[in-house]
Colleague: 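My questions will all concern the structure given below.
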Protein chains: 2
Amino acid sequence: MQKKAAARTPRITIRDVASDAGVSVAAVSKVLRDAYGVSEALRAKVQASMDKLNYRPLASARGLRGRTYTLGLVFPDLRNPFFADIFAGVNAALERTRYQAMQGISTSASALVEAMIDRQMDGLILVGPNENNERLNDIAKRTPLVVIGHHDIDGAKFDAVNNDDQLGARLAVRHLCQNGHSKIAMLSLSAPVSTVINQRELGYRLEMTEQGLGGAINILRAPQVLRDVQLTIRKLLESKDKPDAIFCWTDLMAFEAISVATELGLSIPDDLAVVGYDNTIFCDFSQNRLTSIDQSGEVLGLQATRLLIERIDGRMQPDHFVVTPRVVARASSARND
Amino acid sequence: MQKKAAARTPRITIRDVASDAGVSVAAVSKVLRDAYGVSEALRAKVQASMDKLNYRPLASARGLRGRTYTLGLVFPDLRNPFFADIFAGVNAALERTRYQAMQGISTSASALVEAMIDRQMDGLILVGPNENNERLNDIAKRTPLVVIGHHDIDGAKFDAVNNDDQLGARLAVRHLCQNGHSKIAMLSLSAPVSTVINQRELGYRLEMTEQGLGGAINILRAPQVLRDVQLTIRKLLESKDKPDAIFCWTDLMAFEAISVATELGLSIPDDLAVVGYDNTIFCDFSQNRLTSIDQSGEVLGLQATRLLIERIDGRMQPDHFVVTPRVVARASSARND
DNA sequence: GGAGAAATGTAGAACGCTACACGTAGAACA
DNA sequence: TGTTCTACGTGTAGCGTTCTACATTTCTCC
């Protein structure tokens with residue numbers, strides 16, 4: 001008779017450890033959880049058996065009663081290497097803890113969030129979600145939640161970790177002004193409106209006005225789709241009031257802008273200065289040399305994780321952490337006299 | 001008395017559904033699993049209750065008896081946008097199935113793999129692992145396993161999905177030859193030796209020899225670290241026998257190469273032709289215009305997922321899927337006469 | 001109309017762990 | 001000497017599913 005599935009090595013259970021150590025299952029569980037009421041002798045004995053048998057507790061079984069020691073990360077997409085920085089921060093924060101991060105990707109966080117709750121994640125970190133507060137609060141009611149990149153936190157029942165996007169945009173504009181540019185356009189995102197975009201647009205407007213350039217305010221919006229971005233940029237650069245600088249809401253878009261400008265025979269930064277956002281590794285390449293706003297994804301990830309674990313451990317009142325962005329100047333926005 | 005944790009909304013369980021529908025728990029479970037012996041009437045009744053109560057089965061509980069409907073992906077790092085393609089392929093394959101993919105990152109797959117097995121993943125996809133066959137077979141003994149990017153499959157107990165890396169390298173060399181280049185160097189990876197690297201180096205050697213350029217074979221190896229890569233490239237480009245073309249084992253390295261060359265005042269492709277590998281989205285930007293070998297990550301991810309689900313469903317004999325790479329020519333390797 | 005088969009539903013024992021309730025022994029106190 | 005306390009272990013009831021075994025009903029066919 002043919003077996004249906006492979007005869008996999010059976011797993012070592014807590015019972016095996018208990019019988020090997022000659023103690024009760026409950027005792028092993030106590031050791032496992034660092035619970036109260038364990039003598040040094042018992043701990044040593046159990047630990048020895050666990051090591052010997054190479055025992056590992058099964059997360060599902062734990063989850064049925066308590067925690068799974070798993071955190072869920074939800075990213076909107078992965079093409080942007082900025083998200084890798086966030087993940088690195090999360091992993092750094094988790095080093096030497098018993099938690100493990102698992103990541104999923106979906107533009108519509110909803111389905112993925114449900115899937116993660118089904119899988120007993122102890123807590124969730126949502127990056128740049130398109131959900132509104134009501135929906136987020138609803139999630140927070142069901143699982144500990146930290147959101148990265150969401151500015152509307154009035155009445156929020158969850159924690160938030162943000163880059164000061166308004167300031168970031170202001171810094172970009174200010175930097176361009178200082179380098180002698182005045183017709184500064186902004187390339188923004190059209191499709192999924194987010195509070196992050198709003199803040200950056202607001203910062204751009206405010207700073208332009210403050211710099212006396214209110215008349216030159218020019219915000220273009222394109223969807224994420226590559227083709228549309230290119231078209232939008234091309235139209236802008238070929239128009240009568242072609243800007244002499246452009247602030248892009250993401251490095252990826254900035255690279256697009258440089259690409260189109262190059263194709264049109266414009267030289268960077270003489271004919272067009274460019275500033276991006278995120279300060280991804282690609283900014284450093286000399287074919288890009290892209291000035292960018294650094295929002296240190298690693299810090300964002302690290303702090304979000306810290307807050308999440310606090311919350312899992314019982315904190316009830318919402319917390320909010322803000323990272324201050326900074327300009328990393330490179331050749332793409334060099335002085336233009 | 002202060003509560004320790006939030007009073008979270010209690011979850012709807014199978015029992016709730018059963019009592020709402022006025023049937024047994026077992027009946028609901030049958031409906032859930034599409035098991036044999038369910039009348040249309042019963043199915044409808046149960047389905048209605050599930051919809052009404054918005055019931056979702058808990059993965060941990062399922063895992064304790066059967067499957068969790070979760071697949072684990074293990075990537076070596078995330079900075080390379082190529083991996084996003086693979087993930088996209090996986091997600092595409094999973095569309096309209098009940099499976100969900102969860103991803104973790106770690107250069108040393110070992111610990112992460114254990115963590116995933118602890119979390120009852122139904123199967124694992126390892127991308128570009130540094131493990132040897134013995135170790136991989138050991139993992140395969142414990143859980144269904146598919147490996148992407150691992151060529152040593154003699155006696156393998158797992159499935160493999162590969163790009164034909166040897167052919168890819170040959171195509172790169174052949175393409176450069178056809179475009180009039182002859183002093184073709186290869187920039188390879190030093191630190192974690194992998195069968196992928198080996199195959200590419202082999203392909204490079206073989207094709208160079210076949211093209212009568214055996215004397216010009218020149219393989220440089222640098223670790224992943226950015227600084228070291230730059231130094232290696234710089235040294236190569238400043239040496240007496242500076243090549244007129246360079247084949248890089250990854251787009252990322254190719255961009256580095258372009259960057260360094262640009263800094264040295266060399267022009268691409270006239271002074272130096274460059275070919276990368278992976279055909280990532282960044283190749284298209286006109287500041288890069290990088291010729292690259294496309295190994296279609298999406299197909300890799302898709303096929304790996306297909307094989308994995310087959311294996312979860314009981315297939316025992318190992319399978320192997322190979323994707324044929326192709327050259328995507330751009331300006332970085334244009335004809336040089 | 002009755003026997004056997006097929007179809008449909010249910011009970012209840014796991015799965016591996018946690019955590020509550022409790023038992024026991026020795027120490028501290030009166 | 002008895003009582004109370006504290007420290008340390010153990011027994012066992014679940015957690016939410018799946019799945020085997022079985023009971024009941026309905027068909028099918030002579």
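Order of the sequence lines sets the chain letters (A, B, ...), proteins ahead of strands, with each chain counted from 1. Everything numeric here is computed off the predicted structure, so don't read it as measured data.
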Colleague: Quick one: which of C:dG16, D:dT17, C:dT10 gets closest to the side chain of B:Thr13?
Modeller: D:dT17

Colleague: Is there a donor N/O on one and an acceptor N/O on the other, under 3.5 Å, for the side chain of B:Arg65 and the base of D:dT17?
Modeller: no

Colleague: Run the salt-bridge test on B:Arg79 and A:Asp85 with the 4.0 Å N-O cut-off and return the result as yes or no.
Modeller: yes

Colleague: Please tell me which of the listed nucleotides, D:dG16, D:dT18, C:dC17, lies nearest to the side chain of A:Leu58?
Modeller: C:dC17

Colleague: Fit a plane to each ring of A:Phe75 and A:Phe83, take the angle between them on a 0 to 90° scale, and name the class: parallel (under 30°), tilted (30 to 60°) or perpendicular (over 60°).
Modeller: perpendicular

Colleague: From D:dT17, D:dC19, D:dT10, pick the nucleotide closest to the side chain of B:Ala26?
Modeller: D:dC19

Colleague: For A:Arg62 and D:dG14, what is the distance between atoms CZ and P respectively, to the nearest whole Å?
Modeller: 22 Å

Colleague: Would you kindly give the OH-to-C1' distance between B:Tyr36 and D:dT18, to the nearest whole Å?
Modeller: 19 Å

Colleague: Does A:Tyr55 make a side-chain N or O approach to OP1 or OP2 of C:dC17 shorter than 4.0 Å?
Modeller: yes

Colleague: Could you give the CZ-to-P distance, from A:Arg33 to C:dA19, as a whole number of Å?
Modeller: 5 Å

Colleague: In whole angstroms, how far is the P atom of C:dT8 from the CD atom of B:Glu40?
Modeller: 10 Å

Colleague: Rounded to the nearest Å, what distance is computed from the CZ atom of residue A:Arg56 to the P atom of nucleotide C:dC17?
Modeller: 12 Å

Colleague: Any base atoms under 4.0 Å from B:Arg67, or only sugar-phosphate, or nothing? Heavy atoms, all strands.
Modeller: nothing

Colleague: Rounding to a whole Å, what distance do you find between A:Ile14:CD1 and C:dA19:C1'?
Modeller: 12 Å

Colleague: What verdict does the side-chain contact (heavy atoms from CB on, under 4.5 Å) test give for B:Thr68 and B:Arg62, after you've listed the backbone C-alpha separation in whole Å, the side-chain angles of each residue and the deciding distance to 0.1 Å?
Modeller: CA-CA 6 Å; B:Thr68 58; B:Arg62 297 185 122 175; 5.6 Å; no

Colleague: Using modelled atom types and a 3.5 Å cut-off, is there a donor and acceptor pairing between side-chain atoms of A:Asp152 and backbone atoms of A:Asn133?
Modeller: no

Colleague: Quick check for you: among D:dG11, D:dT17, C:dC15, whose closest atom lies nearest to any side-chain atom of A:Ser24?
Modeller: D:dG11

Colleague: Between the opening five pairs and the closing five pairs of the helix from C:dG1-D:dC30 to C:dA30-D:dT1, how far apart are the helix axes, to 10°?
Modeller: 40°

Colleague: 5'-most contact on DNA chain C: A:Pro57 or B:Gly37, nearest heavy atom basis?
Modeller: B:Gly37

Colleague: Measure from the side-chain N and O atoms of A:Asn130 to the backbone N and O of A:Ser194, and report whether any donor-acceptor pair falls under 3.5 Å.
Modeller: no

Colleague: With the side chain of B:Ala27 defined as its heavy atoms from C-beta on, choose the nearest nucleotide among C:dC17, C:dT10, D:dT17.
Modeller: C:dT10

Colleague: Under the salt bridge (Lys or Arg N to Asp or Glu O under 4.0 Å) criterion, do B:Glu114 and A:Arg11 qualify, and how do the steps go?
Modeller: CA-CA 12 Å; B:Glu114 293 306 323; A:Arg11 223 186 142 90; over 6 Å; no

Colleague: Begin from the C-alpha positions of B:Asp34 and B:Arg43 and carry the test salt bridge (Lys or Arg N to Asp or Glu O under 4.0 Å) through to its verdict.
Modeller: CA-CA 9 Å; B:Asp34 288 317; B:Arg43 173 185 310 288; 3.7 Å; yes

Colleague: Reckon B:Arg11 touches a base, only the sugar-phosphate, or nothing at all at heavy-atom distances under 4.0 Å?
Modeller: nothing

Colleague: Given D:dT18, is OP1 or OP2 found less than 4.0 Å from the side-chain N or O atoms of B:Ser29?
Modeller: yes

Colleague: Using the side-chain heavy atoms of B:Arg15, tell me which of these nucleotides is nearest: C:dA19, D:dG16, C:dC17.
Modeller: D:dG16

Colleague: Using atom types as modelled and distance alone, determine if a side-chain donor or acceptor of B:Asp118 lies under 3.5 Å from a backbone N or O of A:Ala59.
Modeller: no

Colleague: B:Lys30 NZ to D:dA21 P: how many Å, rounded?
Modeller: 13 Å

Colleague: Name the nucleic acid region contacted by B:Ser39, choosing base, sugar-phosphate or nothing; use a 4.0 angstrom heavy-atom cut-off, strictly under.
Modeller: sugar-phosphate

Colleague: Rounded to the nearest Å, what distance is computed from the CG atom of residue B:Leu64 to the P atom of nucleotide D:dC19?
Modeller: 12 Å

